[in-house]
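In this text the structure is predicted, and so the values were computed from the model without any measurement. Atoms considered below: every heavy atom in the structure, side chains included; atoms not considered: hydrogens, waters and symmetry mates.
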Amino acid sequence: MPIDLNVKIPSLERIDDFEDMAGRLGITGIAPSTKLDKPVVASRKGLVLYARADLKSKRIGSLRKELELLRRRSVIVAFPLAGVETSNWAAGDRRVDLLTLGENNIGSQLKDSKAHLAEQSGTALEIQFTAILQSTGLNRSRVLKGFREATRTALDAGMKIVLTSGASHPINMRAPMAMTYIGLMLGMNRADSREAVFNVPQRIVERNERKLSSEFVGPGVEIVKRGGNHEKD
């Protein structure tokens, strides 16, 4: 079930164009930047939309309040790799799914200590590859260098990686197999690249859908109805 966890749809009025492209590429789900009425929405054409929240506050106190407000409404919660203190907080908080590296913070570095924090909490590194597609010449070399360094640091620490398009136009979306080749270009082996495209996004979505359900109480604890199955987180 290939899912692109970051598609920057300007408004829901534009969803048809992205749906059509997703169908042609074999993508079954996306996490758009546009606000949704519910955490999970099935479109008319069968594409599944997962609510995504990108934390924007600059101070830890404000981030905690923002996260508390958005976590129960969102399947995906992300924070841009930026300041040392705030990024360390995000890397260590189990409620944050993704530390994001993309066109708006290409110069940010993923430190070893931050990657190890993220590995322990289950927070994944998100690499938005649109920055590669939209850059040329020396600038593209700079983007690739930054992405490769972050990829190597994450892999060395055992931190999970997610590849996303970050597409603000349907033409910037890519088929899952093409995304795996981008992973190879960033220094992953085939197994790690497939994990970053196919498996890690799906596991994050499935985990958070369970947590958003009325039966979820806490990690490893769910309300079980008579005759139902008990599935731990």
Given the rule in the side chain to side chain contact (heavy atoms under 4.5 Å, CB included) test, do Leu98 and Leu125 qualify, once you have shown the distances and angles that lead to the verdict?
-> CA-CA 6 Å; Leu98 306 174; Leu125 172 67; over 6 Å; no

Look at the side chain of Asn208 and the backbone N and O of Val75, then say whether any donor-acceptor pair between them is shorter than 3.5 Å.
-> yes

Are any side-chain N or O atoms of Ser108 and backbone N or O atoms of Leu81, one a donor and one an acceptor, separated by less than 3.5 Å?
-> yes

State, to 0.1 Å, how close Lys114 and Gln109 come at their nearest heavy-atom pair, and which atoms those are.
-> NZ-O, 4.4 Å

Could you grab the distance from atom CG of Leu144 to atom CG of Leu186, nearest 0.5 Å is fine?
-> 7.0 Å

Tightest non-hydrogen contact, residues Ala150 and Leu110, listed as O-CD2, 3.6 Å

Side chain to side chain, Val200 and Ile161, heavy atoms closer than 4.5 Å = no

Hey, does the side chain of Arg94 reach the backbone of Gln120 with a donor-acceptor pair shorter than 3.5 angstrom?
-> yes

Identify whether the distance between the nearest side-chain nitrogen and carboxylate oxygen of Asp97 and Arg207 falls below 4.0 Å.
-> yes

So does Arg14 pair up with Asp16, basic N to acidic O under 4.0 Å?
-> no

Could you state whether Leu70 and Leu99 fall into the same hydrophobic cluster, counting links through intermediate Ile, Leu, Val, Met, Phe, Trp or Tyr residues with side-chain heavy atoms under 4.5 angstrom apart?
-> yes

Rounded distance (nearest 0.5 Å) linking atom CD of Gln134 with atom CZ of Phe129 = 11.0 Å

At what distance, to the nearest 0.5 angstrom, does NE2 of His169 lie from CZ of Phe18?
-> 7.0 Å

Given the rule in the side chain to side chain contact (heavy atoms under 4.5 Å, CB included) test, do Arg152 and Phe147 qualify, once you have shown the distances and angles that lead to the verdict?
-> CA-CA 9 Å; Arg152 183 167 59 251; Phe147 283 2; over 6 Å; no

Any chain of hydrophobic side-chain contacts (each under 4.5 Å) joining Leu49 to Met173?
-> yes

Would you please test Arg203 and Glu195 for side chain to side chain contact (heavy atoms under 4.5 Å, CB included) and show each step?
-> CA-CA 10 Å; Arg203 284 199 295 265; Glu195 275 281 307; 2.7 Å; yes

Does Arg194 reach the side chain of Met177, with side-chain heavy atoms less than 4.5 Å apart?
-> yes

Is Leu47 linked to Met21 within one hydrophobic cluster, defined over Ile, Leu, Val, Met, Phe, Trp and Tyr using a side-chain heavy-atom separation of less than 4.5 Å?
-> yes

Does the distance from a Lys or Arg side-chain N to an Asp or Glu carboxylate O, for Arg71 and Glu66, drop under 4.0 Å?
-> no

Would you say Arg140 has more than 12 foreign heavy atoms packed within less than 6.0 Å of its CZ?
-> yes

Atom of Val96, atom of Ala90 and distance for their closest heavy-atom approach = CB-O, 3.6 Å

Around atom CD of Glu206, are there more than 12 heavy atoms of other residues, nucleotides or ligands at under 6.0 Å?
-> yes

Taken to the nearest 0.5 Å, the spacing of Asp93 CG from Leu55 CG works out to 9.0 Å

Atom of Pro201, atom of Val162 and distance for their closest heavy-atom approach = CG-CG1, 4.0 Å

Any ion pair linking Lys45 and Asp20 (charged N to carboxylate O, less than 4.0 Å)?
-> yes

Between atom CG of Leu184 and atom CE of Met188, what is the distance when rounded to the nearest 0.5 Å?
-> 8.5 Å

Can you give each donor-acceptor pair under 3.5 Å made by side-chain atoms of residues 153-160, sequence neighbours left out, with the distance rounded to 0.1 Å?
{"unit_1": "Thr153", "atom_1": "OG1", "unit_2": "Glu149", "atom_2": "O", "d": "3.0"}

Step-by-step side chain to side chain contact (heavy atoms under 4.5 Å, CB included) determination, Ile182 to Met185 | CA-CA 5 Å; Ile182 292 174; Met185 184 172 61; 4.2 Å; yes

Going by distance alone, is a donor N or O of one side chain under 3.5 Å from an acceptor N or O of the other, for Ser11 and Glu13?
-> yes

Student check: side-chain heavy atoms of Val77 and Ser74 closer than 4.5 Å = yes

Determine, stepwise, if the pair Asp54 / Arg52 fulfils salt bridge (Lys or Arg N to Asp or Glu O under 4.0 Å).
-> CA-CA 7 Å; Asp54 289 274; Arg52 174 182 169 119; 2.8 Å; yes

Leu212 with Ile3, same ILVMFWY side-chain cluster at under 4.5 Å | yes

Sidechain-backbone polar pair: Ser193 side chain, Asn189 backbone, donor-acceptor under 3.5 Å = no

Any sub-3.5 Å donor-acceptor pair from Ser121's side-chain atoms to Ala91's backbone N or O?
-> yes

Going by the side chain to side chain contact (heavy atoms under 4.5 Å, CB included) test, name the single residue among Ile127, Val197, Leu5 that passes it with Thr164.
-> Leu5

Where Asn139 and Ser135 come nearest, the two heavy atoms and their spacing = ND2-CB, 3.5 Å

Could you tell me whether the side chain of Leu67 reaches within less than 4.5 Å of the side chain of Trp89, counting heavy atoms only?
-> yes

Backbone of Thr130 reached by a side-chain donor or acceptor of Asn172 within 3.5 Å = no

What donor-acceptor contacts under 3.5 angstrom involve side-chain atoms of residues 23-42, with partners at least two apart or in another chain?
{"unit_1": "Thr28", "atom_1": "OG1", "unit_2": "Pro2", "atom_2": "O", "d": "3.1"}
{"unit_1": "Thr34", "atom_1": "OG1", "unit_2": "Ile9", "atom_2": "O", "d": "2.5"}

ILVMFWY cluster, Val7 and Val48 together (side-chain gap under 4.5 Å) = no

Is there side-chain contact between Gln128 and Leu101, with heavy atoms separated by less than 4.5 Å?
-> no

Nearest 0.5 Å, what's the CZ-OG distance between Arg174 and Ser165?
-> 9.0 Å

